[in-house]
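Per chain, numbering begins at 1; letters A, B, ... match sequence-line order.
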Amino acid sequence: MLRVKKFMYVNRHAPHGTIYALEGLEVVLIGAAFDQDVSMAFIGDGVFQLKKGQDTTDSDIKNFSPTYRALGDYDVTQLYVERESLEERGLAIGDLMDLTWEDEEDDWAEKPSIRVVNRQELSDLLETQDVILNF
Amino acid sequence: MLHTVNKSPFETHSLETCLGLAKPGSDILLIEDGVYAATAGTTVSAMVEQTIESSSVYALAPDLKARGIDPDQVIAGIQLVGYDGFVKLSVMNETVQCWL
């Protein structure tokens with residue numbers, strides 16, 4: 001049997017000004033069907049993708065931010081957010097959406113998907129991956 | 001002159017270049033990803049606050065809303081406008097420079 005590979009999707013763009021964030025999210029959801037070990041990293045302007053309260057009703061553009069809530073159901077439960085990127089942008093974890101997943105092995109307990117890590121920890125995580133895809 | 005900036009200040013130097021070249025008394029309108037520069041407490045907010053002293057800085061409210069930026073997170077002195085305000089600024093100014 002093929003070994004399960006570690007995939008990390010690195011998100012570096014703000015959500016609405018370019019198509020990177022939406023395209024990246026769709027690739028993650030499609031890729032999740034292949035039973036690999038999938039995680040996501042949010043660095044630089046990528047942290048804006050997780051900002052809570054996004055509302056596009058006045059601007060005629062697609063609001064795909066609720067789709068991040070589906071990640072947990074696709075077993076994408078490790079969302080690493082770089083602390084330095086948040087701080088540079090005047091943000092804290094409380095400004096981000098409350099994304100959770102249900103742990104099958106722990107009586108379906110709801111657990112947070114977002115983990116704030118510092119640059120050094122993220123650097124170490126990148127080193128452990130088999131495949132890294134940037135969006 | 002009206003200057004519009006549509007890029008995130010954390011990703012390109014569009015805003016910095018614009019603010020460096022805009023004359024005092026200019027109208028500066030932040031749109032699309034440019035509205036991230038309107039947030040208080042960031043690495044670029046001091047630069048924006050300094051500009052407010054000599055020029056008028058605006059941000060497009062629908063673009064702030066789309067990005068989840070609440071009006072009370074916006075730097076004091078930045079004026080929020082809608083699409084009608086965008087049109088008004090474009091008409092009031094002789095020239096418009098779009099910092100793409």
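Hydrophobic clustering (ILVMFWY, side-chain heavy atoms < 4.5 Å, transitive): A:Met40 and A:Leu96 are in one cluster. B:Val48 and B:Ile31 are members of different hydrophobic clusters when ILVMFWY side chains are connected at heavy-atom separations under 4.5 Å. Linking Ile, Leu, Val, Met, Phe, Trp and Tyr whenever their side-chain heavy atoms come within less than 4.5 Å puts A:Leu133 and A:Tyr74 in one cluster. Cluster membership for A:Ile19 and A:Phe48, using ILVMFWY side-chain heavy atoms within less than 4.5 angstrom, is shared.
Not a single salt bridge (charged side-chain N to carboxylate O under 4.0 Å, His left out) links A:Asp73 to another residue, sequence neighbours left out.
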Give every donor-acceptor pair between chain A and chain B closer than 3.5 Å, one pair per line, or write none.
unit_1, atom_1, unit_2, atom_2, d
A:His16, NE2, B:Ala66, O, 3.0
A:Gly17, N, B:Asp33, OD1, 3.3
A:Asp45, OD1, B:Ser8, OG, 3.4
A:Asp45, OD2, B:Ser8, OG, 2.4
A:Lys51, NZ, B:Gly68, O, 2.6
A:Asp55, N, B:Lys65, O, 2.9
A:Asp55, O, B:Ala66, N, 3.2
A:Asp58, OD2, B:Lys65, NZ, 3.1
A:Glu88, O, B:Thr43, N, 3.0
A:Glu88, O, B:Thr43, OG1, 3.4

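Within 6.0 Å of CZ on A:Phe64 lie more than 12 heavy atoms contributed by other residues, nucleotides or ligands.
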